[in-house]
Amino acid sequence: MLTENKFSKYLIYAIGEITLVIIGILMALAINDWKNEQRIHSEETATLQKLIQDLNSDNKRYLSNIEFYTGFRDYLKSAKDIIFKEALSDDEIKEVMFFYGATHKNLNPRTTTYDEMLNSGRIYSLSNEDLVNNILAYYQFLDESIYQNKEQRKEFRALFYGSDFTDFWFWRSEKEPFPYAKAFFSSNDSPAYRKLKQSSGWSLSINNDLLNNNTELLKSNNELIEFIRIELTNKK
């Protein structure tokens, strides 16, 4: 009986020791998981804060572009109306003789944080899947806009600086360019003049496209910034 009592005590002691070890291991694992979650939470917060800084930089550029295209639209509309007239006064010729067509303002987005997130794969580990989709959608729209703007610029420059439009350019290097310009604008059915008409109409259309594109980018940008701010607020 004494032997059995000692064995029972040792068994209870051993079970207690094993239980304590298991509890200690579970506690250590829980603490480690908590630390990992805190680290991930901290890294995600820092990344989203940097992303907002990039987006704010883009936001300012869109606003600047919108202001430019809005003001430039009036010039292009006025120039187009003059160029399409049957006969131009001297003052009207002077107003359009140096017409320089559509102007493409570069978007030049700041994508440092997004590129880091994409290259490292961290973007897919964000805790909010909807946020991931919104970020990807915004930058895809931005990439498409950059590509379309470049292609549109190349097409326009091919027309505006083409060989059959040289008659519109040669007087710019003259000390007294007006007589040459007046001769050019007196023949409004020449091949070069028809190109000028085409360019002036296309310039106004391009300007409106660029204005609308920057307006849409600004809207998407503002929506994404607001989404991220809400996400950061929820993480506090």
Side-chain angles (χ1 to χ4, degrees), residues 37 39-77 80 100-160 199-236:
E37 288 178 3
R39 177 182 57 78
I40 293 171
H41 175 87
S42 178
E43 290 177 353
E44 186 171 316
T45 297
T47 298
L48 292 178
Q49 287 172 340
K50 288 196 298 182
L51 186 59
I52 280 187
Q53 292 178 356
D54 289 355
L55 291 169
N56 282 331
S57 176
D58 294 347
N59 194 286
K60 293 177 182 177
R61 186 173 296 278
Y62 301 146
L63 286 171
S64 175
N65 288 352
I66 289 170
E67 182 180 3
F68 172 81
Y69 292 129
T70 300
F72 199 48
R73 180 175 53 190
D74 295 336
Y75 161 75
L76 292 174
K77 176 67 167 60
K80 176 179 176 290
Y100 45 92
T103 298
H104 291 74
K105 303 287 285 184
N106 291 327
L107 291 172
N108 288 338
R110 201 165 90 178
T111 62
T112 305
T113 304
Y114 172 70
D115 291 339
E116 289 176 354
M117 294 171 68
L118 200 61
N119 294 333
S120 65
R122 280 186 297 163
I123 188 170
Y124 300 106
S125 63
L126 294 177
S127 55
N128 190 327
E129 187 175 344
D130 289 337
L131 177 58
V132 174
N133 293 333
N134 275 270
I135 293 172
L136 291 173
Y138 168 77
Y139 281 100
Q140 182 179 356
F141 179 34
L142 183 55
D143 286 342
E144 291 171 354
S145 298
I146 292 171
Y147 175 77
Q148 290 172 1
N149 288 354
K150 285 182 178 178
E151 291 300 304
Q152 190 180 58
R153 177 185 290 177
K154 285 193 296 185
E155 291 174 3
F156 180 75
R157 288 177 68 87
L159 167 70
F160 203 56
S199 298
S200 65
W202 197 9
S203 292
L204 184 59
S205 177
I206 288 173
N207 189 82
N208 289 336
D209 287 346
L210 293 169
L211 175 59
N212 292 334
N213 180 242
N214 276 265
T215 301
E216 286 298 315
L217 284 168
L218 179 64
K219 178 183 176 183
S220 298
N221 178 281
N222 283 329
E223 290 174 351
L224 182 55
I225 288 175
E226 182 61 23
F227 201 135
I228 295 173
R229 283 176 176 162
I230 293 173
E231 182 70 11
L232 289 172
T233 300
N234 293 336
K235 289 182 178 296
K236 291 181 179 179

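Sequential numbering from 1 along the given sequence is applied to the chain's residues.
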Report the C-alpha separation of Glu226 and Ile230 in whole Å, then their side-chain angles, then the decisive distance to 0.1 Å, and conclude whether the side chain to side chain contact (heavy atoms under 4.5 Å, CB included) test is met.
CA-CA 6 Å; Glu226 182 61 23; Ile230 293 173; 3.9 Å; yes

Check this for me, if you would: do Lys154 and Glu151 make a salt bridge, where the nitrogen-to-carboxylate-oxygen distance has to be below 4.0 angstrom?
yes

Inter-residue atom distance Arg110.CZ - Lys50.NZ, 0.5 Å rounding
10.5 Å

Testing the basics here: between Asp58 and Pro109, what is the closest heavy-atom pair and its distance to 0.1 Å?
OD1-CA, 3.3 Å

Reported CD1-to-CG distance for the pair Ile66 and Asn212, which is rounded to 0.5 angstrom:
9.5 Å

Tell me whether the rings of Tyr75 and Tyr100 are parallel (<30°), tilted (30 to 60°) or perpendicular (>60°).
parallel

Could you check if a side-chain atom of Lys150 sits within less than 4.5 angstrom of a side-chain atom of Ile146, using non-hydrogen atoms only?
yes

Considering non-hydrogen atoms only, spot the tightest contact between Leu76 and Ser203 and give its length.
CD1-O, 3.6 Å

Asn119 side chain to Asp115 main-chain N or O, any donor-acceptor pair under 3.5 Å?
yes

With side chains defined as the heavy atoms from C-beta onward, is the minimum distance between Leu232 and Thr45 less than 4.5 Å?
yes

Apply the test side chain to side chain contact (heavy atoms under 4.5 Å, CB included) to residues Arg122 and Leu126: give CA-CA distance (whole Å), side-chain angles for both, the deciding distance (0.1 Å), then the verdict.
CA-CA 7 Å; Arg122 280 186 297 163; Leu126 294 177; over 6 Å; no

With side chains defined as the heavy atoms from C-beta onward, is the minimum distance between Glu129 and Asn133 less than 4.5 Å?
yes

Quick one, Leu204 with Asn208, criterion side chain to side chain contact (heavy atoms under 4.5 Å, CB included). Give me CA distance, side-chain angles, the key distance, then yes/no.
CA-CA 6 Å; Leu204 184 59; Asn208 289 336; 4.2 Å; yes

Would you indicate whether the side-chain heavy atoms of Asn65 and Leu217 approach each other to under 4.5 Å?
no

According to side-chain contact (heavy atoms from CB on, under 4.5 Å), who are the partners of Ser64, at least two apart in sequence or on a separate chain?
none

Taking C-beta and beyond as the side chain, do Glu44 and Glu231 meet within less than 4.5 Å on heavy atoms?
yes

Matching residue for Phe227 among Leu48, Ile135, Asn134 - test: side chain to side chain contact (heavy atoms under 4.5 Å, CB included):
Asn134

When you compare the side chain of Tyr62 with that of Leu107, does any pair of heavy atoms fall below 4.5 Å?
yes

Within-4.5 Å side-chain heavy-atom neighbours: Leu210 and Gln152:
yes

In Å, rounded to the nearest 0.5 Å, how long is the span from CD1 of Ile225 to CG of Leu51?
9.0 Å

How long is the span from the OG atom in Ser199 to the CZ atom in Arg157, to the nearest 0.5 Å?
12.5 Å

Nearest-0.5 Å distance that lies between atom NZ in Lys77 and atom CG in Asp74:
9.5 Å

Minimum-distance pair of heavy atoms, taken over all atoms of Ser220 and Tyr138
CB-CD1, 3.9 Å

Is any side-chain heavy atom of Asn222 closer than 4.5 Å to one of Leu55?
no

Closest non-hydrogen contact found for Arg229 with Ile52 is CG-CD1, 3.6 Å

Asn207 (side chain) donor-acceptor with Tyr69 (main chain) under 3.5 angstrom
yes

The side-chain contact (heavy atoms from CB on, under 4.5 Å) partners of Leu118 (sequence neighbours excluded) come to Tyr114, Ile123, Tyr124, Leu136

How long is the gap from NZ on Lys105 to CG on Asn149, to the nearest 0.5 Å?
13.0 Å

Quick one: list whatever passes salt bridge (Lys or Arg N to Asp or Glu O under 4.0 Å) with Glu223, sequence neighbours left out.
none

